[in-house]
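What follows is a short report on a single structure.
Proteins come first, then strands; the chains are lettered A, B, ... in the order of their sequence lines, and each starts at number 1. This one's a predicted model, so the numbers in the text were calculated from it and none came from an experiment.
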Amino acid sequence: MIELSELLVPAIKIVVLVFAVILPMVAYSVWAERRVSAIIQDRVGPNRVGIPFTKIGLAGLGQPISDGIKFLLKEDFTPGHVNKLYFWLAPALTMVPAILTCAVLPFGSELFGEKMVVADLNVGPLFIFAIASLSVYGIVLAGWSSNSKYPFLGGIRSSSQMISYEISLGLSLVPVLLIFGELNLSAIVEEQSENGWLLLPLWGEGAIWNGGWDRFFLFFPSLLAFIIFTTSIFAETNRLPFDLPECETELVAGYHTEYSSMKFALFFLGEYAAMIIGSGLIVTLFLGGWSLPFGCDAALMQMAGNPEQVPWWLGLIHISTFLVKVVGFIIFFIWVRWTLPRFRYDQLMKLGWIVFFELALLNIFITAGIIFLTRSPD
Amino acid sequence: MAVSKKSSEDLVNVQVDGHWIRVPKGTRMIEACKQAAAEVPHYCYHPKLTSPGNCRMCLVEMGMPPRPTPGEEAELDAEGHAKINWMPRPVIACANTVAEGMGIRTQSLLAKECRQGVMEFLLINHPLDCPICDQAGECTLQEYSVEHGNGQSRFLESKVKKPKNVDIGPRIRLDDERCVLCSRCVRFSKEVVDDDVLGFVDRGSHNTLAVHPDRKLENNYSLNTVDICPVGALTSNDFRFKMRVWFMRETKSLCTGCARGCNTLIGSREGKIYRQGPRENNKVNSAWMCDSGRMEYHRLEDPARLTDPMIKRGRTHNVVDWTEAICRAAKDLSRFKGDELAIIASGGMTNEELYLTRTLAESLEAGVVDVVKRSGSGDDYLSHSDKNPNVNGARKILKLRSPGSRLKLIHAGIAEGKIKALLVLGEDLLDIGFSEEELGGLKCMVLVHMIANPTAKMSTVVLPGAGYAEKRGSMINATGRLQRLNKAIDSPGLSREDWEILQGLNRAVDGKDEVTELVDVFGEMTSAVSIFKGLSFAGIGDLGVDVMDTGESVPLLEREAKRVRDGLIVG
Amino acid sequence: MEIPKELEKSADDAIGHYPPEEKRSAALPLLHLVQQEFGFINDDAISWVADKLAVEPIKILELVTFYPGFRQKAPGEYHIRVCRTLSCAMAGCHKTMEKICEIAGIDRSKVSHHDPIAVSSDGKFSIEFAECLASCGTGPVCLVGDDFHEEVKPENAKALLQQYK
Amino acid sequence: MPIVVKRPRLTLAEKCYFPALMKGLRITLGHAIRILQRKKKVTMQYPEVKWDDNLPEHYRGAPALVTDEHDRERCVSCQLCEFICPPRAIKIVPEEIPPGDEWQKVEKRPESFDIDMLRCIYCGMCQEVCPEQAIFLRKDYAITGVSREEMIHDKQKLYEIGGKREGLINKWNKLK
């Protein structure tokens with residue numbers, strides 16, 4: 001017999017996380033995208049929509065809401081020549097995996113004794129890869145079921161691109177997992193909290209003056225892994241400079257050419273959700289997740305007194321730390337998008353298969369070598 | 001008889017702008033130039049009128065070979081033509097005839113300067129009111145001023161003011177400031193229609209075209225003066241300010257006002273006719289047309305035009321679709337056979353419509369078929385006393401010896417109760433001697449007409465047809481000439497071309513589905529009617545072909561031919 | 001308008017000078033007869049002439065308006081024509097005209113192209129400008145009735161008019 | 001003869017793309033910072049801020065009819081603008097000026113003059129072709145309406161926009 005709280009608590013977590021955090025973040029990252037692109041291009045961007053029927057603009061923060069209303073109210077047009085079932089299925093198949101992956105991301109330490117992760121799986125990264133690779137079906141289906149040439153080409157491009165970059169994505173992560181010796185993302189974050197972030201090993205046992213020689217040498221392969229991983233996330237989420245599937249100049253809008261209204265919005269949201277989860281994953285793996293830098297966590301825990309129980313305010317601090325890091329990455333994503341031109345398709349494939357794949361493979365051996373040399377076998 | 005045989009001696013060699021051509025002796029220089037494709041600008045000259053030579057626009061440089069002194073041989077050039085001595089002064093090309101060895105230069109400096117000078121004088125007093133002038137767009141003053149004019153005026157004095165907006169006749173308005181005094185209208189009135197009411201009063205720069213205060217230009221051919229006026233001095237009240245000429249699409253067609261069949265040009269824009277004027281055909285109407293014929297098109301603008309097929313149910317007519325109306329009409333008519341059914345066709349129908357009427361009559365086995373005779377007053381010019389445009393066609397196609405004579409039988413048949421059904425095509429029966437009581441005794445009456453007339457009110461099925469400018473077809477005029485009618489505009493609403501309606505009835509009655517195009521109807525007719533043998537619809541051409549000899553002639557054309565013989569006009 | 005018997009007769013006489021099919025050639029002689037009889041040619045006269053010659057009245061009107069010698073309005077007892085062609089104009093005919101008008105009490109302000117004659121208020125004199133009277137050496141010249149007067153300088157005007165008192 | 005474009009030889013730094021990437025990011029960041037510091041002027045906030053005063057003399061806004069000093073409608077409905085109008089936005093029905101009208105001398109005027117502003121492309125051909133200086137492109141550019149009918153400017157509306165225009169050539173001036 002399962003207790004009610006065992007059902008209720010995860011349910012609350014899911015609802016709060018998805019509907020209060022991820023979806024608003026998705027919406028507002030669209031707004032951020034437009035604002036940031038505007039300021040990069042010496043423009044204003046959406047700055048008008050504020051509180052309805054007033055002149056209060058709030059710098060355009062109401063824009064996502066009106067966008068949402070617009071998407072809901074627009075005519076949901078299904079062209080006559082499409083394969084209806086898959087045409088309807090495709091947007092859901094893009095959106096759902098993107099949101100599913102956030103189940104294993106630890107977005108905070110603890111709050112009122114509850115771990116701030118929906119499912120504390122001990123195969124976190126594997127789960128994410130497994131689910132994330134499902135979203136390619138959405139795109140392939142969208143491209144195929146649209147029964148029109150541009151979406152079809154977009155779908156093909158997208159699937160081959162995602163398959164290619166999943167390899168370097170996975171391989172680049174192997175060194176990280178080697179370093180932590182752990183597949184539970186919460187444990188990885190706690191480890192980083194105590195002994196220094198992977199890319200900032202400056203306290204705890206990770207610091208070189210505390211004998212963390214291994215972490216010092218491992219910094220370089222980690223950096224390489226970080227670069228490969230981040231770049232691959234760009235490709236995986238179809239963002240510029242790798243947005244070949246929806247390349248306007250060649251493919252009109254790629255796989256979602258035939259979509260309109262909310263179905264189109266689902267693709268759009270799926271892309272941004274994937275971007276948020278990607279950022280969350282990068283932050284979790286390389287930049288200490290919810291943890292504060294320089295061992296502040298431990299110090300604050302000491303201040304709180306009880307070493308077993310994380311106080312609620314610290315829990316909130318951790319959550320916000322995580323969100324700040326993620327937002328920073330989202331802005332980085334946006335910044336890159338409005339800076340770099342699109343790759344040519346062959347360049348994209350070449351980068352994936354000839355550069356990143358080999359580098360990531362090499363990186364595994366280097367990391368393994370360093371670990372073998374610097375860590376004494378227990 | 002000896003003269004009629006044209007030998008090469010009747011031709012003379014003329015050099016026009018450096019090229020030698022051969023033209024008949026007695027040709028006007030202006031016509032010789034026209035044959036050499038050198039258009040000489042002119043205002044007063046008109047081939048159908050005498051040449052007073054008063055506009056001076058057609059000045060050209062002329063030269064003749066020198067007369068050799070006795071015993072001396074003429075100096076010849078490489079082509080064997082005598083050398084031309086050019087005259088120092090220009091001559092008018094409209095009133096002079098060519099001579100052997102004559103040279104004409106239309107593009108020399110002298111000729112160009114002369115034209116430029118004449119243009120400048122003509123424009124001195126001409127008002128700058130092209131924006132409101134109806135002639136704009138087809139005004140030779142505009143055209144020549146662009147082609148031959150100076151581009152700017154050197155005239156600083158104030159222009160002479162003359163009467164504007166003068167009422168000189170019921171259909172014509174005169175603007176004397178625009179007049180270039182070419183006198184075409186004066187000559188037309190005098191020479192062609194013998195109504196010499198126009199003249200020039202006041203000498204010098206105040207020279208003004210006028211009618212005597214007691215007289216008006218009101219003969220039935222007055223609007224021809226508007227056509228031949230090279231500028232906007234004479235404008236038609238009917239067309240005045242209605243539409244600019246450059247918007248109009250011109251359709252070659254026929255006037256159906258009488259049996260003359262004058263060739264016309266119909267000017268229309270966006271489904272509305274704005275004017276109808278004569279088209280030159282020297283076998284029918286020369287270049288003229290009567291005023292009443294021009295106004296024929298107003299009949300198409302009748303507010304009572306039928307736009308939908310209707311079936312009478314009880315006392316009211318209900319609008320139905322075409323299929324239903326045609327089926328109903330065919331069903332109603334086929335219930336009666338032989339003497340029970342009569343068809344009253346119209347002399348205003350085209351040959352094709354008449355032919356389809358004939359086939360319909362054959363398959364319905366109609367007892368009596370006849371057309372309505374309609375005569376009025378004709379005149380000694382163009383207007384014919386037979387006011388139906390195609391009685392000759394009806395004669396030949398419906399095999400009627402004397403059209404209209406069988407209407408008596410129909411009257412009698414209805415009175416006896418023998419005739420129970422009537423198919424009426426394009427006629428208003430109450431207008432031609434039938435009474436309401438008479439028609440009330442009929443079981444069924446199908447009407448094809450374009451106007452909701454009293455007969456339509458009594459008909460069981462009403463099928464809306466098209467007016468003469470809304471359909472294609474052919475007609476035979478009083479002198480036996482087969483001519484083509486063309487479609488200028490669409491008929492209003494759902495109304496259809498009459499031949500389509502008749503064909504629909506034919507199909508519904510006999511179940512055959514063969515002919516689909518008007519030309520096919522004509523094609524079928526060529527084998528069924530002997531006078532059309534060997535013809536095709538396209539072969540009729542714009543000017544028509546003579547298919548029968550009616551022994552009639554056109555008085556106006558005969559007088560014109562005499563004037564040509566007398567050398568008064570070119571023709 | 002009453003046409004006197006004599007006029008009718010002399011008109012027929014004039015018409016008889018021309019072949020019957022070219023009757024209209026008698027238009028000018030007829031108009032002269034009319035003007036001699038009445039002093040001017042009014043609309044009725046034009047219609048009468050047109051009827052006589054079997055032409056449209058406009059054709060006669062054309063003639064009347066073409067020749068400055070024909071008048072459509074009644075002149076004064078004495079009709080003065082002052083030459084205004086170049087030589088006389090240079091010799092001062094306009095001044096002469098002004099002077100004559102002043103003395104005879106004629107108001108020329110209403111004169112126009114269509115109505116060139118001005119009549120004095122007492123109806124005694126009427127005046128108009130005429131083109132060359134063929135005595136260029138002795139300008140300004142004028143014609144009173146059928147009398148020809150040369151060198152009519154403004155100062156001679158009074159003497160000239162006095163002859164016709 | 002095909003033209004062979006030689007590919008430039010790239011240095012290692014160029015090949016690995018990274019420095020160029022950084023340079024790009026620096027440029028865009030520079031723009032962003034300048035905007036955030038409000039050192040640079042950006043897009044005008046349109047309905048609140050308008051540029052009407054700075055519109056050039058030759059600005060082509062909504063076409064309109066004008067009257068002259070004596071309140072005579074200058075248009076004589078010659079229909080040249082209707083003819084020249086590339087999108088066929090103009091429709092004119094001419095009429096004769098009735099006897100007794102002050103401007104009867106002009107003889108012709110438009111009975112109706114409609115410009116379909118949904119079709120108008122503001123090309124200015126009508127103004128250029130007008131022989132009477134009757135139609136001008138005004139500086140009005142915000143032509144809006146809530147129905148198609150509203151977007152058809154009739155004669156009254158056109159004179160409303162156009163107003164009176166002085167100092168033009170008055171060839172119909174009755175004082176002349």
Discussion item. If I measure from the heavy atoms of chain A, does D:Leu29 come under 4.5 Å with its side chain, its backbone, both, or neither?
Written reply: both
Between chain D and chain A, which N/O donor-acceptor pairs sit under 3.5 Å?
unit_1  : atom_1 : unit_2   : atom_2 : d
D:Leu25 : O      : A:Trp335 : NE1    : 3.1
D:Thr28 : OG1    : A:Trp335 : NE1    : 2.9
D:Thr28 : OG1    : A:Thr339 : OG1    : 2.8
D:His31 : ND1    : A:Asp42  : OD1    : 3.1
D:His31 : ND1    : A:Asp42  : OD2    : 3.2
D:Lys40 : NZ     : A:Asp42  : OD2    : 2.5
D:Gln45 : OE1    : A:Asn47  : ND2    : 3.2
D:Gln45 : OE1    : A:Arg48  : NH2    : 3.4
D:Glu48 : OE1    : A:Arg48  : NH2    : 2.9
D:Glu48 : OE2    : A:Arg48  : NH1    : 3.0

Worksheet entry | Exceeds 12 heavy-atom contacts within 6.0 angstrom, atom CD of D:Glu150 | yes
Discussion item. I'd like to know whether CD of D:Gln156 has more than 12 heavy-atom contacts from other residues, nucleotides or ligands below 6.0 angstrom.
Written reply: no
Item to complete: Kindly check if the number of other-residue, nucleotide or ligand heavy atoms within 6.0 Å of CE (D:Met125) is above 12?
Response: no
Worksheet item: Which residues pass the side chain to side chain contact (heavy atoms under 4.5 Å, CB included) test with A:Ile39, sequence neighbours left out?
Response: D:Ala32, D:Ile35, D:Leu36
Worksheet entry | Crowding at OH, D:Tyr141 (>12 non-hydrogen neighbours, <6.0 Å) | yes
Fill in: Toward chain D, the part of A:Val336 with a non-hydrogen atom under 4.5 Å
both
Practice prompt. Check whether A:Ile40 gets within reach of chain D through its side chain, its backbone, both or neither, counting any heavy atom under 4.5 Å.
Written response: both
Worksheet item: Around atom CD1 of D:Ile169, are there more than 12 heavy atoms of other residues, nucleotides or ligands at under 6.0 Å?
Response: no
